[in-house]
Amino acid sequence: MSERIFIGVAWPYANGSLHLGHIAGCCLPADIFARYHRLKGNQVLMVSGSDQHGTPITLRAEQEGVTPAEVVDRYHLQFLDCWEKLGISFDLFTTTSTPNHARVSQDIFLTLLEKGYIYKNSVPQQFCPNCQRYLPDRYVEGTCPLCGSPGARGDQCDSCGKPLNSTELGNPRCRICDTTPLIRESEHFFLRLSAFQEPLRKWIEAQQHWRPNVLNFSLRYLDEGLRDRAITRDINWGVPVPVEGYEDKRLYVWFEAVIGYLSASIEWASGDEARWRPFWSGDARVYNFIGKDNIPFHTLIWPAMLMGYGGLNLPYDVPANEFLNIQGRQLSTSRNWAVWLPDYLETYDPDPLRYYLSANMPESGDTDFSWQQFYSRNNDELVATYGNLVHRVLTFVHRHYSGEVPQPGTIDAEGQALLDKAAATLDTVDWALAECHFREGLRAAMALAQEGNRYLESRAPWKSVATDREGTGTTLYMAMSVISCLKTILYPYLPFSSTRLHQYLGLEGSVEAPWEWQRPAPGRGLPAPSALFTKLDAKGIEAEVSRLGASP
RNA sequence: GGCAGCGUAGCUCAGAGGCAGAGCAGGGGCUUCAUAAGCCCUGUGUCGUGGGUUCGAAUCCCUCCGCUGCCA
């Protein structure tokens with residue numbers, strides 16, 4: 001039976017390029033999951049978009065002397081290009097700047113306000129008398145009250161790394177004009193998270209299928225007690241607050257960005273409720289793929305908003321990944337200790353990256369990306385085990401069977417054992433992908449490729465072809481069948497190479513065929529194969545490593 | 001400072017009371033269809049430290065060390 005699967009992917013900030021952390025953290029697992037469910041014949045809606053609001057954007061724009069819109073447009077286009085090249089198959093990748101998103105966000109805001117889940121309160125804020133505006137924390141600089149360092153920002157001190165409150169800074173200055181700001185009371189709206197403490201606990205405790213890290217992390221927040229949080233800001237870039245007298249304020253980015261999952265669904269459906277609502281109600285399952293830094297927003301705040309709003313499904317699962325380190329060190333965009341996706345895609349194919357990050361995905365703990373590992377996994381696993389299996393079989397068929405799928409004869413015990421193994425692997429990977437165990441699924445698939453090589457070694461068709469053409473044809477047909485199975489189970493991980501393989505095997509229809517084991521048609525003529533993957537010259541490693549941390 | 005997580009083979013990572021695992025690298029052999037690819041064999045690891053619970057601990061509890069994150 002066809003199911004409805006909604007896949008929401010964390011929204012990247014449109015203030016810089018994408019890096020491998022974004023990919024390993026949420027985009028790649030979401031895409032694997034989406035492709036898997038499409039093969040299973042389920043209805044999938046996968047959305048995300050550029051997060052175009054928030055002070056990181058406005059600060060970047062002011063540093064560059066351009067408008068925030070110019071910054072976000074530039075990166076949004078770059079994101080779209082990256083999805084295309086890496087094969088991240090969004091049904092819609094929109095932005096938070098659309099009128100639709102503003103309308104949906106304001107609707108949720110007003111509904112929660114009406115129901116009493118949002119209320120007004122007054123808070124002290126830095127105000128710059130010269131700029132005539134309230135200053136977000138990041139716009140204030142001063143002396144760190146903890147370590148005495150002079151260059152601390154209002155939200156955090158880079159010197160000692162401690163998070164701060166801008167009103168605590170000594171000798172505060174406006175980062176725009178250097179004037180000393182005043183402290184003024186400013187009225188803001190607050191989300192009454194405290195009202196959802198018990199409903200959330202009850203709901204989360206029932207989510208025993210969640211990953212332990214997500215479950216424990218969320219429960220710990222609840223143990224500390226949820227506090228109401230301000231959801232508006234004194235800023236002029238963002239979604240307007242739909243209340244009179246609040247023209248100079250905007251919805252705070254964390255309140256509004258999570259609404260993007262819903263607004264993007266509505267945009268995808270061109271507003272047709274009959275199309276989008278089935279993904280948000282009834283048996284439909286909502287999955288949110290995010291990084292661990294985003295857990296509380298997706299397991300507490302957004303669910304609380306949904307509970308308050310009513311009528312929409314809460315997340316079914318939030319498979320948050322941990323972090324990807326780079327060459328043993330924590331990824332840092334400001335120090336340029338990152339592998340940028342546009343750079344990667346300029347030099348390499350998408351599938352090797354998808355392979356490496358899937359094999360080493362930070363599913364249960366932080367993992368490390370190293371160029372040495374990337375090269376060796378490409379050369380020693382992808383090329384040597386899988387690519388070579390495909391290549392040796394297809395070139396053999398071309399050379400000795402004039403490029404036609406050989407006719408299989410009687411299947412002996414060894415051949416049957418291989419077929420059984422392939423059938424079992426299809427089921428194992430099926431289960432692993434359904435449960436979001438991406439590493440395990442890939443491992444099982446690669447084990448089947450190894451089994452295929454083992455089978456060939458044992459049958460030695462290169463010997464038997466001279467004396468037993470029929471038996472050798474059966475051997476090759478068995479091998480091609482296994483390769484066809486690999487084509488399907490690896491499609492979610494390696495869509496580009498599976499698409500080529502689908503053609504090389506002379507299979508009917510699209511590569512997005514059902515999740516089943518397609519057998520090649522005996523007698524069918526095959527196109528000339530070429531290698532699925534390219535071996536990388538280890539000389540490239542050093543060059544890549546030396547780029548890390550260099551000034552951009 | 002408070003809280004949490006992590007620390008397992010040379011490397012990257014699994015395992016979560018019952019004989020320490022996988023892939024890769026390294027060593028030895030076989031093979032030659034294939035991108036010098038493949039296959040077989042090959043691990044004496046104080047499971048970070050010290051203690052405790054248990055018939056039995058990598059696994060549960062406590063101490064300490066190291067790293068990471070969150071919070072103040």
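When reading the values below, keep in mind they use all heavy atoms of this one structure, side chains included, and skip hydrogens, waters and symmetry mates. In what follows, chains are A, B, ... by sequence order, proteins preceding strands, each numbered from 1.
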Phosphate OP1/OP2 of B/A14: any A/R439 side-chain N/O under 4.0 Å
yes
So that I know where these two stand, are A/F374 and A/Y348 an aromatic pair - ring centroids less than 6.0 Å apart?
yes
A/D293 CG to B/U68 C1', in whole Å, measures 14 Å
With a 4.0 Å limit, can you tell me whether A/T385 has a side-chain N or O closer than that to the phosphate oxygens OP1/OP2 of B/A37?
no
For nucleotides B/G50 and B/A58, find the distance between their C1' atoms and express it as a whole number of Å.
16 Å
Could you say whether the aromatic ring of A/W462 and the base of B/C33 stack, counting only centre distances under 5.5 Å and plane angles under 30°?
yes
Name the nucleic acid region contacted by A/R459, choosing base, sugar-phosphate or nothing; use a 4.0 angstrom heavy-atom cut-off, strictly under.
nothing
Do we get A/R233 above A/Y134's six-membered ring, with its NZ or CZ under 6.0 Å from the centre and within 45° of the axis?
no
Taking the P atom in each of B/G26 and B/C64, what is the distance between them to the nearest angstrom?
43 Å
Below 4.0 angstrom from OP1 or OP2 of B/G38, is there any side-chain N or O of A/R392?
no
Side chain of A/K463 only, please: which of B/G38, B/U31, B/C13 is the nearest?
B/U31
Could you tell me how far apart A/Y375 (OH) and B/U12 (C1') are, to the nearest whole angstrom?
18 Å
Give none if B/C13 has no partner; otherwise give the nucleotide forming a Watson-Crick or G-U wobble pair with it, both distances under 3.5 Å.
B/G21
When you compare B/G10 with B/G27, how far apart are their P atoms, in angstrom units rounded to a whole number?
16 Å
Mate of B/U53 where both pairing distances stay under 3.5 Å, Watson-Crick or G-U:
none
Testing B/U32, B/A37, B/C39 for proximity to the side chain of A/N388, the answer is B/A37
Could you identify the nucleotide paired to B/G69, looking across every strand shown and requiring Watson-Crick or G-U wobble geometry with both distances under 3.5 Å?
B/C3
If we take the C1' atom in both B/U8 and B/A22, what is their distance in whole Å?
13 Å
Taking a pair as Watson-Crick or G-U wobble with both distances under 3.5 Å, which nucleotide is matched to B/A34?
none
Using atom P in both nucleotides, what's the gap between B/A36 and B/G69 to the nearest angstrom?
43 Å
Taking the same atom, P, in B/A4 and in B/C39, what whole-Å distance lies between them?
46 Å
For this output row, return yes or no: ring centroids of A/Y261 and A/H298 closer than 6.0 angstrom.
yes
Among B/A25, B/U31, B/C40, which nucleotide has an atom closest to any side-chain atom of A/R454?
B/C40
C1' gap between B/G21 and B/G66, integer Å:
25 Å
Nearest-nucleotide check on RNA chain B, A/F396 vs A/Y221; residue mapping nearer the 5' end is A/F396
Using Watson-Crick geometry (N1-N3 plus N6-O4 or O6-N4) or G-U wobble (N1-O2, O6-N3), each under 3.5 Å, B/G45 is paired with none
Do A/D430 and A/Y36 pair up side chain to side chain, a donor and an acceptor below 3.5 Å, judged on atom types alone?
yes
Hey, does the Lys NZ or Arg CZ of A/R547 hover above the aromatic six-ring of A/W371, less than 6.0 Å from the centre and inside 45° of the axis?
no
Give the C-alpha distance, both sets of side-chain angles, the deciding distance and a yes or no for salt bridge (charged side-chain N to carboxylate O under 4.0 Å, His left out) between A/R443 and A/E440.
CA-CA 5 Å; A/R443 204 178 303 135; A/E440 194 171 346; 5.6 Å; no
To the nearest Å, give me how far apart CZ (A/F323) and C1' (B/U12) are.
20 Å
Is the distance from OP1 or OP2 of B/G21 to the nearest side-chain N or O of A/R443 less than 4.0 Å?
no
Describe the nucleic acid contact of A/S364 in one word from base, sugar-phosphate, nothing, applying a heavy-atom distance below 4.0 Å.
sugar-phosphate
A/E457 CD to B/G29 C1', in whole Å, measures 13 Å
Please determine, for the side chain of A/R399, which listed nucleotide (B/U12, B/C39, B/A34) has the closest atom?
B/A34
Considering all heavy atoms, the nearest A/C436-A/Y287 contact
SG-CE2, 4.5 Å
Any side-chain N or O of A/R377 less than 4.0 Å from the OP1 or OP2 oxygen of B/A25?
no
Whole angstrom is fine here: how far is it from CD in A/Q450 over to P in B/C40?
6 Å
Toward the 5' end of RNA chain B, by each residue's nearest nucleotide, A/F217 or A/L389
A/L389
Does a side-chain N or O from A/Q330 land closer than 4.0 Å to OP1 or OP2 of B/G69, or not?
yes
Establish whether the base of B/G23 is bridged to the side chain of A/E381 by a donor-acceptor pair shorter than 3.5 Å.
no
P atoms of B/U54 and B/G48, separation to the nearest Å:
23 Å
For the residue pair A/I204 and A/L300, what are the closest heavy atoms and their distance?
CD1-CD2, 3.6 Å
